[in-house]
Amino acid sequence: MDNLIIEEGRSVGTLRIGMTKQELDQCVRTYQEKCIRPCDFFHSLFKYEYDSEGKVTHIHITDTVKDYYTCLFRDIDVFNTKASKLVEGLDKVSPYIRDNDASLGFSYTFPELGLSFWRNHVRNEEYFHSEEFKELDPDIQEDEMRYLYFETTTIFLISREENIEGTLGGSEA
């Protein structure tokens with residue numbers, strides 16, 4: 001399995017902040033062609049936000065990409081590392097925005113790294129030892145375990161503006 005390397009506030013693999021939609025589409029087609037198990041929905045693994053000039057400002061990657069590529073930031077597999085461990089480690093490198101979403105465990109933004117992470121539900125290790133969890137159907141237990149990990153990673157341009165917004169409690173998702 002190939003790697004998609006995240007560069008702080010710049011890129012994920014060959015997908016770069018500042019590219020046009022056409023350039024991004026070509027990069028995704030190249031990744032799709034290289035896949036051992038190609039699929040029709042590969043393009044949906046990536047979402048983008050654009051500025052007024054049509055240049056990408058944010059690249060969102062869904063965790064489904066892990067079925068095809070390993071997504072690495074500083075040699076850490078962002079979709080196969082437990083959210084708590086990932087946040088703890090990155091927070092030592094650069095602090096995240098201490099907002100409501102972060103305090104609840106749903107979303108963390110690291111403005112100095114140009115990264116944010118999101119998950120729909122939050123689960124912790126203690127929950128998996130509870131009677132409530134043990135009474136669930138095994139398929140549901142397996143599904144619940146995925147909430148130990150992030151579902152989306154976003155790469156955005158590191159800028160003075162992002163840092164100012166971050167200190168005021170702004171949030172990227």
Side-chain angles (χ1 to χ4, degrees), residues 1-51 54-91 93-94 96 101-102 105-111 113-125 128 137-158 171-173:
M1 186 177 294
D2 285 338
N3 295 331
L4 287 176
I5 307 297
I6 296 173
E7 292 184 47
E8 295 178 12
R10 287 185 288 249
S11 64
V12 55
T14 59
L15 305 169
R16 296 199 168 284
I17 299 294
M19 286 182 147
T20 64
K21 180 178 182 341
Q22 293 77 19
E23 292 169 324
L24 292 166
D25 287 346
Q26 180 56 50
C27 290
V28 170
R29 274 193 298 275
T30 300
Y31 281 121
Q32 186 171 3
E33 290 166 3
K34 291 166 80 174
C35 273
I36 295 170
R37 297 176 302 137
C39 65
D40 293 335
F41 63 89
F42 194 84
H43 66 282
S44 68
L45 304 179
F46 305 93
K47 301 288 182 202
Y48 315 98
E49 291 179 40
Y50 298 93
D51 65 14
K55 305 280 185 168
V56 74
T57 60
H58 294 72
I59 302 170
H60 307 279
I61 314 157
T62 66
D63 63 349
T64 309
V65 78
K66 70 184 178 186
D67 294 338
Y68 305 94
Y69 290 93
T70 302
C71 199
L72 298 174
F73 177 73
R74 296 187 177 196
D75 294 325
I76 302 168
D77 183 339
V78 298
F79 291 121
N80 286 308
T81 301
K82 290 181 181 173
S84 58
K85 184 176 179 180
L86 182 62
V87 168
E88 181 182 323
L90 292 179
D91 193 41
V93 174
S94 176
Y96 62 87
D101 282 341
F106 291 101
S107 178
Y108 296 85
T109 299
F110 296 84
L113 299 177
L115 281 175
S116 65
F117 302 93
W118 175 85
R119 58 184 166 171
N120 188 40
H121 289 344
V122 176
R123 292 292 183 222
N124 57 38
E125 295 289 340
F128 299 109
D137 181 88
D139 288 339
I140 295 173
Q141 287 180 349
E142 184 178 332
D143 192 48
E144 288 288 306
M145 305 255 324
R146 71 187 174 107
Y147 296 121
L148 285 170
Y149 305 88
F150 287 112
E151 297 172 66
T152 304
T153 299
T154 299
I155 294 86
F156 57 90
L157 184 63
I158 300 170
S171 173
E172 297 292 328

Answer yes or no: is there an ion pair linking R29 with D25, defined by an N-O contact shorter than 4.0 Å?
no
Identify whether the distance between the nearest side-chain nitrogen and carboxylate oxygen of R16 and E7 falls below 4.0 Å.
yes
Tell me whether the rings of Y50 and Y48 are parallel (<30°), tilted (30 to 60°) or perpendicular (>60°).
tilted
Please work out which of the three classes, parallel, tilted or perpendicular, describes the rings of Y147 and H121, given edges at 30° and 60°.
tilted
Non-hydrogen side-chain atoms of [X] and [Y] separated by less than 4.5 Å:
| X | Y | answer |
| --- | --- | --- |
| V12 | Y69 | no |
| I17 | R10 | no |
| F46 | L15 | yes |
| T20 | K55 | yes |
| F73 | I155 | no |
| E125 | S84 | no |
| T153 | F79 | yes |
| T14 | T30 | no |

Atom pair [atom1] ([X]) and [atom2] ([Y]), whose distance is rounded to the nearest 0.5 Å:
| X | Y | atom1 | atom2 | value |
| --- | --- | --- | --- | --- |
| L148 | L86 | CG | CG | 12.5 Å |
| H58 | L157 | NE2 | CG | 8.5 Å |
| D63 | L45 | CG | CG | 9.5 Å |
| N3 | T70 | CG | OG1 | 5.0 Å |
| E88 | Y96 | CD | OH | 10.0 Å |

Before you tell me yes or no, could you show the steps for V93 and R74 under side chain to side chain contact (heavy atoms under 4.5 Å, CB included), namely the whole-Å CA-CA distance, both residues' side-chain angles and the distance that decides it to 0.1 Å?
CA-CA 11 Å; V93 174; R74 296 187 177 196; 2.9 Å; yes
Please report the closest heavy-atom contact between [X] and [Y], naming both atoms and the distance.
| X | Y | value |
| --- | --- | --- |
| T81 | D77 | OG1-O, 2.7 Å |
| F110 | F156 | O-CZ, 4.0 Å |
| T109 | S116 | OG1-CB, 3.6 Å |
| C71 | I6 | SG-CD1, 3.7 Å |
| S94 | L113 | CB-CG, 3.8 Å |
| M19 | C27 | CE-SG, 3.8 Å |

Between [X] (side chain) and [Y] (backbone), is there a donor-acceptor pair under 3.5 Å?
| X | Y | result |
| --- | --- | --- |
| Y108 | A102 | yes |
| D137 | D139 | yes |
| R146 | E151 | no |
| T57 | E49 | yes |

Within 6.0 Å of CG in D75, more than 12 heavy atoms from elsewhere:
no
